There are 4 protein chains.
Amino acid sequence: MVDKIQDKKKQKKERLEQAAYDLFSEQGFSETSIDQIARRAGVAKGTFYLYFPDKEALLNQVIFKCSSRIFKEAMQESRFKQLDDWVERVIVLIDYVIELFKERPNDLKVINKNLSWSMVGDQVEKGDGEGVDQEFAELLSYYLEQLEGRGYERKAAFQLIFMVVELVGAVCYSSLVLGQLGPIDELKPMLFETVRKMIRN
Amino acid sequence: MVDKIQDKKKQKKERLEQAAYDLFSEQGFSETSIDQIARRAGVAKGTFYLYFPDKEALLNQVIFKCSSRIFKEAMQESRFKQLDDWVERVIVLIDYVIELFKERPNDLKVINKNLSWSMVGDQVEKGDGEGVDQEFAELLSYYLEQLEGRGYERKAAFQLIFMVVELVGAVCYSSLVLGQLGPIDELKPMLFETVRKMIRN
Amino acid sequence: MVDKIQDKKKQKKERLEQAAYDLFSEQGFSETSIDQIARRAGVAKGTFYLYFPDKEALLNQVIFKCSSRIFKEAMQESRFKQLDDWVERVIVLIDYVIELFKERPNDLKVINKNLSWSMVGDQVEKGDGEGVDQEFAELLSYYLEQLEGRGYERKAAFQLIFMVVELVGAVCYSSLVLGQLGPIDELKPMLFETVRKMIRN
Amino acid sequence: MVDKIQDKKKQKKERLEQAAYDLFSEQGFSETSIDQIARRAGVAKGTFYLYFPDKEALLNQVIFKCSSRIFKEAMQESRFKQLDDWVERVIVLIDYVIELFKERPNDLKVINKNLSWSMVGDQVEKGDGEGVDQEFAELLSYYLEQLEGRGYERKAAFQLIFMVVELVGAVCYSSLVLGQLGPIDELKPMLFETVRKMIRN
DNA sequence: CATGAATGAGCATTCATTCAT
DNA sequence: AATGAATGAATGCTCATTCAT
């Protein structure tokens, strides 16, 4: 009985998130009104405030879910390919991320360049709670260890990962969202080569 | 006589740009109203529309001027240091840019990660008109040639420069504006090392 | 068994009143939402409507209880001091009221200047029901009789009492809530003198 | 030319004040929306904010103008009757005020018991600026002097005047607005007698 | 009896833009 | 060219009240 209600609430929250995701990627964050979100989610405007304290909280939620999904999917896919070379494993992961962004450029638009890393980084460091971060934390730990095993200090390893993430994000954004620099496939060789140079000791 | 009038107009435009720059960096773009800009510039609200079609046009102008200034200053400074190694010349230029951003973090805030490169890139490619881009074009050409002389194709060279610019921008933004990743000086070694790896053939 | 349930209901109602009293005096009536009241009382929002038809009804209840309490306490206290002079007995009663307001300025805030007398007056005249007014009625009767014994007509006596109550209320409110006119203790001599002049035949 | 515009602005401001006065007295302050005020004044909602920073500022303005008008009219009328006895002059002034409130009970509703004195008192003490207070200040000074001439200290004189004002206000409000205590004319004898007792040395 | 999720009208306030002067 | 008064649509957010469970 109670579960049924909780279920409905969860569904409603997800409908709001989905509606927000759609609208944010279509029109951008500040051009989207709560009225629109509520209408598209099929709930009353007031209902929105039962689930989120304000618009920005919803944005964060949406961004976080978006990045999570992308990362998780890419990780799962890349697990199948078991490569000996650690560096190539990174490249494969990045390649999957790019392919996912190619399929869903809206995700890229919503995540937006500025927000992705800081959010992810924060969540990982805090170990916040809702359980999604667990996987991130593990992934991050794995790469940090790999780099530490290659002679990098922890801090340096962190910086390096940050730079790789930012670089990949920037390239994808420019190519897939802004349409600059030509098709992403033409950028891949240089991007991969750069990443290899960056993380190979 | 006519020149005098033209002068006054130019001054008014610059006052508007300056006011906008101040306010954008203090409060952000969408939190700044045209009313505030006009008031701080000492002109009537209606006057704004004699000089700019809308708020966004002003933003673009401000960003462009901002980036121009930074680049030009960095270039001028870096010219004094004549290094034999081309790669080290790049590093020195980047170092100047970082030092300038350190002094004026507001510039970084206004330029914002997403906007800088696309704008600059566009301006350079189009050869837009107001003459400021001349210097950019020259700088860009110089680096493109250097890379082409080292075996890169023109397109690849362009991609590489783009990646370097984005990387530097992202690192500066995270450190200086968001306060993440620690002080910029602690990031420099890794950043410079990465750039060296990227552009050394 | 039934009593137990009735008891619980009464307790719930009192918790709602107490919560409302707290919030009204902290933030004012229209700044307080039913949501807040219910939350502080530890009941569901819907439950509120089982006990009160709307917010205003609760306000009336709260004001009434508040005034009752003050008057009753003052009366009880003043009974100990047995003075021969009737006028001085009134003064002593007023002094007690003032002292109580001094201790609990929130009561004064909630009662507010406009509401006190009209409510009390209404309750006394109607003989509303919940029994609390009994004591008021007696007190009022006593003073009316005193005045009638001194040559005032009933109507005139009523007017006089009204004026005294309003005057005391206004002075307390200005001094204790608004902080005007200086400390209440400096106002007492003039206030008492005025009341003496008013009711001495 | 400029005067014409200033004139129009003044007219618009007055239309807004008039509309607010009407609505406040019809429905009360917090039940009146800015939308209603603007509509009744025949201006756009945004225009309201060109003339007043917010709703409360308008309320203060309206209350102040209201009280001013009443006092000034009463003073002017009472000047004709030249009475030797100072106390009787006060009574006549009060009588005029009551008659004015009788004609315009809405004024009483708007001024409301709580607000009148504090506002007036503040304005008089500050000597604010817009010139209306001049007359108040003079009136107040006159009465203060009279009382001081009769042996009251300045502070005591101030307290006494405060009490008289509050008393008159409370009686008028109860009778004319709340309809309690019977018609005002039946209250006058007792009220005047009380005031006489209060201010006669 | 009790709950609390859902509602949607309502509100104060902002602001880009226009236009008569 | 310059002004700044006027506009009114738009927005984020609140809250008393209802009602299915």
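Below, chains carry the letters A, B, ... as their sequence lines are ordered, and counting in each starts from 1. Scope of the values below: all heavy atoms of this structure, side chains included, with no hydrogens, waters or symmetry mates. Treat the numbers as computed from the prediction; the structure is a model and nothing was measured.
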Tell me which nucleotide among F:dA5, F:dT7, E:dG8 gets nearest to the side chain of D:Ala44.
F:dT7
Rounded to whole Å, the CG-C1' distance (A:Asp7 to F:dT21) equals 16 Å
B:Glu17 CD to B:Ile63 CD1 distance, which is reported to the nearest 0.5 Å:
12.0 Å
Between E:dC11 (P) and D:Leu23 (CG): distance, integer Å
12 Å
Whole angstrom value for the distance that separates P of F:dG4 from CD of D:Gln6:
11 Å
For C:Tyr51, all residues meeting side-chain hydrogen bond (donor to acceptor under 3.5 Å, both in side chains), sequence neighbours excluded
none
Could you run through nucleotides 12-18 of chain E and give me one letter per nucleotide, 5' to 3': B if any protein heavy atom sits under 4.0 Å from the base, S if only the sugar-phosphate is that close, - if neither?
BBB-BBB
Atom CD1 of D:Ile37 and atom C1' of E:dC11: how far apart are they, to the nearest Å?
12 Å
D:Ile5 has an atom CD1; how far is it from atom C1' of F:dA2, in whole Å?
13 Å
Let me check something: any side-chain donor-acceptor pairs from residues 35-44 of chain B under 3.5 Å, sequence neighbours excluded? List them with distances.
from, atom 1, to, atom 2, distance (Å)
B:Asp35, OD1, B:Lys45, NZ, 3.4
B:Asp35, OD2, B:Arg39, NH2, 2.3
B:Gln36, OE1, B:Ser33, N, 3.0
B:Arg40, NH1, B:Glu26, OE2, 3.3
B:Arg40, NH2, B:Glu26, OE1, 3.3

Spacing of A:Gln11 atom CD relative to E:dA6 atom C1', expressed in whole Å
16 Å
For C:Thr47, check side-chain hydrogen bond (donor to acceptor under 3.5 Å, both in side chains) against everything at least two apart and list the hits.
none
Counting runs of three or more consecutive pairs, Watson-Crick or G-U wobble, with each distance below 3.5 Å, where are the stems of DNA chain E?
E:2-21 with F:2-21
I'd like to check the side-chain hydrogen bond (donor to acceptor under 3.5 Å, both in side chains) partners of D:Gln18; sequence neighbours left out, ordered by chain and number.
D:Asp22
To the nearest Å, give me how far apart NZ (D:Lys13) and P (F:dA5) are.
13 Å
Heavy-atom nearest nucleotide on DNA chain F taken for D:Lys9 and for A:Phe29; more 5' hit belongs to D:Lys9
Residue-phosphate contact under 4.0 Å: B:Lys8 side-chain N/O, F:dA2 OP1/OP2:
no
Taking 4.0 Å as the cut-off, does a side-chain nitrogen or oxygen of B:Lys12 come that near to OP1 or OP2 on F:dA2?
yes
Would you mind reading off the distance between B:Lys10 atom NZ and F:dA1 atom C1', rounded to a whole angstrom?
19 Å
Nearest 0.5 Å, please: how far is OH in D:Tyr21 from NZ in D:Lys65?
13.5 Å
Spacing of C:Leu50 atom CG and C:Lys12 atom NZ [to the nearest 0.5 Å]:
8.5 Å
Any side-chain N or O of D:Tyr51 under 4.0 Å from OP1/OP2 of F:dA6?
yes
Does C:Lys55 reach the main-chain N or O of C:Thr32 with its side chain, forming a donor-acceptor pair under 3.5 Å?
yes
D:Asp107 side, atom CG; D:Arg69 side, atom CZ - distance, nearest 0.5 Å
5.0 Å
